[in-house]
Number of protein chains: 2
Amino acid sequence: MVNHGREAVTLRAIAREVGITAPALYRYYDSREDLLRHLCDDICQDLEAELNSALEPLGGDAGTEQVYAVCRGFRRWALAHPQEFSLVFASTENVIGRRDTDGEPRVGDQFGKVFLDVASRLILKHEHPHGLAAPEPPEVLHADLRAFQQVLIKTVTARGVPVDEESLHLGEIFHLLQAWVRLYGHVALEVFGRFPFAVSDPEPMFDAMLGSIFIPMGIEE
Amino acid sequence: MVNHGREAVTLRAIAREVGITAPALYRYYDSREDLLRHLCDDICQDLEAELNSALEPLGGDAGTEQVYAVCRGFRRWALAHPQEFSLVFASTENVIGRRDTDGEPRVGDQFGKVFLDVASRLILKHEHPHGLAAPEPPEVLHADLRAFQQVLIKTVTARGVPVDEESLHLGEIFHLLQAWVRLYGHVALEVFGRFPFAVSDPEPMFDAMLGSIFIPMGIEE
DNA sequence: CAAGTTCAGTGAACGGTGTTTACGAAGTTG
DNA sequence: CAACTTCGTAAACACCGTTCACTGAACTTG
């Protein structure tokens, strides 16, 4: 139903589907916007489930192939559910919610958990990927990056893995952020068809990008 | 009026603004969707004008600072007009149109022209940026990259600058494509607030990204 | 058991939407 | 003048989100 776009998800259509009338929905949601917020949460849970099921056959530990699997799973999901992607990841309404009060979680919440969890666990495992290659990011960013560092550490420790502060270098964190920028950029461009020319088969281009992101980080497939 | 989002741009509101009634709009547009398509074209023209006016004080030639100016101008425009950005650059409806028949032009049409024009002219000027650094992209991409190469050559020659085929290496073209991925990725993430943590001031992060994109291409600020 | 209260759901209504249709009042052209 | 195109209107239709008064069943309480 959301397959036909955000505007197609109407209260009356939902009610018809559930077998009740439109006003009855107001017993459960404050408004259409509120309903869409919860819909986003459900979508995020579906995405998380799909990513985890793509991760399952690879074993529990964080290996390099898990990073690639999460990225490819994200792309696959986005292409298979463009409207959902658009709703959760490309909406100006800050519809992502969960709880606006408890602060931190953004980026589709559930997806952020999976992606950042795998990535940061991998970074922790590879201590100092091939030497000390990651250059220091500009000082202006240090404050923000340190905040992000805390988020990552909290994410990983929540899985029971103990972390010492200094094993996540700011340079690597900046790389991780750039990885998200490029992953998101490619997927969004593909979903919205905004590449500057018609790409016949974007998949090898995606794989090439993944390599150029992760191989310099010491994460080789 | 589009500032309040795509859904706020209603036929009756437009008609009220123009001083006519809603059905009269059907004399000029086939449907609301058609009107939105033309609106996208207008938005693209505004963007092009803004970018060109940002380029003007830098002189006519393609210098390195022009690349940075276009990228910063794009970000500035997107942040100042999030709804317009969303409409043109993050919409699943292929609302970009112009003419669906004549094939090629995508990516907000006008913006593509400005960005690709400046970038490719610069690449042509710097022949072989610092040696032969750009590695060959995977062979699977060569066909698509060559098509993109033709688009670039056509863009540049349309400005009167003659080009020989071989001065635009495929590696550089791939870099240019990755530059678009990262530029778009950062701007969209910022517009939609989908960075994985709260970034206090994204501008230095944007500048750091521009550097890490262009400095390896030999385009230093 | 009877009375009261809560809860889920309904139908009618209001103002707004995109769109179609029939119609009219100008201006143009023979 | 008559025919015709152009631009616009009013009315209507179906659908939308939302509100409100209301019903009927379930549950609580005396």
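Fair warning: this is a prediction, and the values are worked out from it, not measured in the lab. Residue numbers start from 1 in every chain, and the chains themselves are labelled A, B, ... in the order their sequence lines are given, proteins ahead of strands.
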Whole Å only: how far is the [atom1] atom of [X] from the [atom2] atom of [N]?
| X | N | atom1 | atom2 | answer |
| --- | --- | --- | --- | --- |
| Y29(B) | dG8(D) | OH | P | 12 Å |
| L11(B) | dT19(C) | CG | P | 6 Å |
| I14(A) | dC15(D) | CD1 | P | 17 Å |
| L36(A) | dC16(D) | CG | C1' | 14 Å |
| M1(A) | dC16(D) | CE | C1' | 13 Å |
| L35(B) | dG18(C) | CG | P | 10 Å |
| I20(B) | dA10(D) | CD1 | P | 12 Å |
| R16(A) | dC16(D) | CZ | C1' | 11 Å |

Shortest side-chain distance from S31(A), nucleotide among dT9(D), dT18(D), dT19(C) |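 Among dT9(D), dT18(D), dT19(C), the one nearest the side chain of S31(A) is dT18(D).
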Going through the distances and angles, do Y184(A) and H186(B) end up as a ring-ring contact (aromatic ring centres under 6.0 Å, His included)?
-> CA-CA 9 Å; Y184(A) 175 90; H186(B) 178 106; over 10 Å; no
Under 4.0 Å between a side-chain N/O of [X] and OP1 or OP2 of [N], yes or no?
| X | N | value |
| --- | --- | --- |
| T10(A) | dC16(D) | yes |
| R27(A) | dT6(C) | no |
| Y26(A) | dT19(D) | no |

Heavy atoms of other groups near E17(B) CD, more than 12 under 6.0 Å = no
By nearest nucleotide on DNA chain D, pick out whichever of D30(A) and A13(A) is the more 5' one.
->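 Counting from the 5' end, the first nearest nucleotide belongs to A13(A).
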About how many Å separate CG of L170(A) and CG of D144(A), when rounded to the nearest 0.5 Å?
-> 11.0 Å
Approximate separation, where rounding is to 0.5 Å, of L152(A) CG and L168(A) CG | 6.0 Å
Carboxylate-amine/guanidinium proximity below 4.0 Å for R37(B) and E93(B) |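 Here R37(B) does not pair with E93(B) in a salt bridge, since their nearest N and O are not under 4.0 Å apart.
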Would you kindly check whether a donor in the side chain of R12(A) faces an acceptor in the base of dG17(D), or vice versa, at under 3.5 angstrom?
-> yes
Could a donor-acceptor pair under 3.5 angstrom be found where the side chain of R32(B) meets the base of dG18(C)?
-> no
With a non-hydrogen cut-off below 4.0 angstrom, is Y28(B) in contact with a base, only sugar-phosphate, or nothing?
->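 It contacts sugar-phosphate atoms only.
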